[in-house]
Amino acid sequence: MVNITRSAPLTLLGRLHPDTACDPAGNASQRNLVHIWNNLHILPRITNAATLTVARPHGQQFGNTDFKAYNIDFENRAANYSISQALVGSFSYANVSFYGCTFASWQDTWYAGHGAYSYAVDSIIYGQTD
């Protein structure tokens, strides 16, 4: 799990597969070489099981002002069926943008909460129960 509470701008750079990077009709999930995943879902003692969380630090008004990720696959592999909330992305009080990324889960894949501004370009977001 990746938890971003830094308020200054931050960029995560992935890497493209050299054989499929220039194929405009290629499957985006096969272009990226960087994969970030977990296999947790919401349980009574686990309140946030998101693979990627961008939120404000405790005591601050706002979280990250400019978070960007390029060419990274984010996945929550909690189950191959809807068992409970198994978020891939959880964003609150932050500005987030994604370019060429993939977000995959089974339930509640993408959560843009209070004060969150999210933007996705050339990206894929999918889940079973959303």
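Note that this is a predicted model, so its numbers are computed, not measured.
- Cluster partners of Val121, using a side-chain heavy-atom cutoff of under 4.5 Å among ILVMFWY residues and allowing indirect links, are Leu13, Tyr70, Tyr99, Tyr119.
- Side chain to side chain, Asn38 and Thr51 meet the donor-acceptor criterion of an N or O pair below 3.5 Å.
- Residues satisfying the ring-ring contact (aromatic ring centres under 6.0 Å, His included) test with Tyr93, not counting sequence neighbours, are none.
- Scored by the side chain to side chain contact (heavy atoms under 4.5 Å, CB included) test, Phe67 finds Ile4, Leu10, Leu12, Leu52, Val54, Asn64, Ala69, Val96, Phe98 as partners (sequence neighbours excluded).
- To the nearest 0.5 angstrom, Tyr111 atom OH is 5.0 Å from Ser92 atom OG.
- Taking Ile, Leu, Val, Met, Phe, Trp and Tyr as hydrophobic and joining them when side-chain heavy atoms fall under 4.5 Å apart, one finds Tyr117 isolated, its cluster having no other members.
- Of the inter-residue distances, the one linking Thr109 atom OG1 with Ile125 atom CD1 reads 8.5 Å to the nearest 0.5 angstrom.
- For the pair Ser7/Thr65, no side-chain contact is recorded, criterion being any heavy-atom separation below 4.5 Å from C-beta on.
- For residues 58-70, the pairs satisfying salt bridge (charged side-chain N to carboxylate O under 4.0 Å, His left out) are Asp66-Lys68, with sequence neighbours left out.
- Taken to the nearest 0.5 Å, the CG atom of Asn76 stands 13.0 Å off from the CD1 atom of Ile36.
- Between Phe103 and Phe74, the ring planes lie parallel to each other; the angle is under 30°, not in the 30° to 60° tilted range.
- No option in Asp122, Asp73, Thr102 other than Asp122 meets the side chain to side chain donor-acceptor pair (under 3.5 Å) test with Arg31.
- The minimum heavy-atom distance linking Ser123 with Gly100 is given by the pair OG-N, 3.4 Å.
- Across Val88 and Ser105, no two heavy atoms sit closer than the pair CG2-CB, 3.4 Å.
- Ala116 approaches Phe91 most closely through the heavy-atom pair CB-O, 3.2 Å.
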